[in-house]
Q: 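One structure is given below, represented as structure tokens, and several questions about it will come after.
Reckoned from all heavy atoms, side chains included, excluding hydrogens, waters and symmetry mates. If you read the sequence from its start, that first residue is 1, and numbering goes on from there.
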Amino acid sequence: SNTLVLTGTLDVSGTINSNFMNINVTNKNVINLSASGDTKFGDTEDDTHQFTGSLLITGAIHYTYYRVTTTAYTASASDYLIGVSSSSGVTVRLPSASADTVGRVLVVKDEYVFPGGRPETSGSQIAISRSVGSSDLIDGNGYVAIAGDNASISLYSSGDGKWFII
């Protein structure tokens, strides 16, 4: 067998070379590095990663995306881009603008193509509203609506019960 089993502590003075490392930990920080250069931090959607200083990205950024085809949708903690692909009216409910959402950005985009644009009637508009039971405000209102030809709206949370349109 080509397996080394160690119980206890391994102290290395020097370099460890490896093509692959599989690290199983309990109640510890998790960072996965692969030989191809991929890096994965964390293991659940509620993980938070903080960086101090600048972040330089070479390559693409991929945001989370959810396509809405029903008449109501509540944005999840991991949503960023919400595409509405429905010909009927849709309500997108925002998550609570609580302290843990400071600086959170959401984009809602009408993806359904109406000849001449989405009608501005209540049965056809896309309403962006606060979460059920919340007193949060969106630019001072309980809800805002978007209509027109493939309209979109970008919002950010101040973390103190308010969402603002960018």
Q: Decide yes or no for Tyr80 and Tyr65: does some side-chain heavy atom of the first lie under 4.5 Å from some side-chain heavy atom of the second?
A: no

Q: State, to 0.1 Å, how close Trp163 and Ala97 come at their nearest heavy-atom pair, and which atoms those are.
A: NE1-CB, 3.4 Å

Q: Within a 6.0 Å radius of atom OH on Tyr143, are there more than 12 heavy atoms belonging to other residues, nucleotides or ligands?
A: no

Q: Please tell me if the side chains of Ser86 and Tyr112 come closer than 4.5 Å, counting only heavy atoms from C-beta onward.
A: no

Q: Dump the intermediate steps for side-chain contact (heavy atoms from CB on, under 4.5 Å) on Ile166 and Tyr156, then the final yes or no.
A: CA-CA 7 Å; Ile166 299 174; Tyr156 72 91; 3.6 Å; yes

Q: State, yes or no, whether a side-chain contact exists between Pro95 and Arg104 at a heavy-atom distance under 4.5 Å.
A: yes

Q: What is the minimum heavy-atom distance between Ser129 and Thr91, and which atoms define it?
A: OG-CG2, 3.5 Å

Q: For Phe51, check ring pair (Phe, Tyr, Trp, His ring centres under 6.0 Å) against everything at least two apart and list the hits.
A: none

Q: Working note: Asp79 + Leu106, criterion side-chain contact (heavy atoms from CB on, under 4.5 Å); need CA distance, chi angles, decisive distance, verdict.
A: CA-CA 7 Å; Asp79 286 338; Leu106 279 172; 4.0 Å; yes

Q: Testing the 3.5 Å rule here: is there a donor-acceptor pair between the side chains of Ser124 and Arg118?
A: no

Q: Would a distance-only check, ignoring hydrogens and angles, find a side-chain to backbone donor-acceptor pair under 3.5 Å from Asp139 to Ile165?
A: yes

Q: Does the side chain of Thr64 reach to within under 4.5 Å of the side chain of Leu81, using non-hydrogen atoms?
A: no

Q: Say whether Tyr66 and Ile126 are linked into one hydrophobic cluster, either directly or through other cluster members, by side-chain heavy-atom distances under 4.5 angstrom.
A: yes

Q: How close do Arg130 and Ser134 get, counting heavy atoms only, and between which atoms?
A: CD-O, 3.2 Å

Q: Can you find a heavy atom in the side chain of Ile128 that is under 4.5 Å from one in the side chain of Leu155?
A: yes

Q: Could you pull out the closest heavy-atom pair between Thr101 and Ser157, with the gap in Å?
A: OG1-OG, 2.8 Å

Q: Just so I know, are the side chains of Lys109 and Val84 near enough to count as touching, which here means a heavy-atom distance under 4.5 Å?
A: no

Q: Please report the shortest heavy-atom distance between Ala75 and Ile82, naming the atom on each side.
A: CB-CD1, 3.8 Å

Q: Is any side-chain heavy atom of Asp136 closer than 4.5 Å to a side-chain heavy atom of Ile138?
A: no

Q: Within the 4.5 Å heavy-atom criterion, are Thr71 and Ser88 side-chain neighbours or not?
A: yes

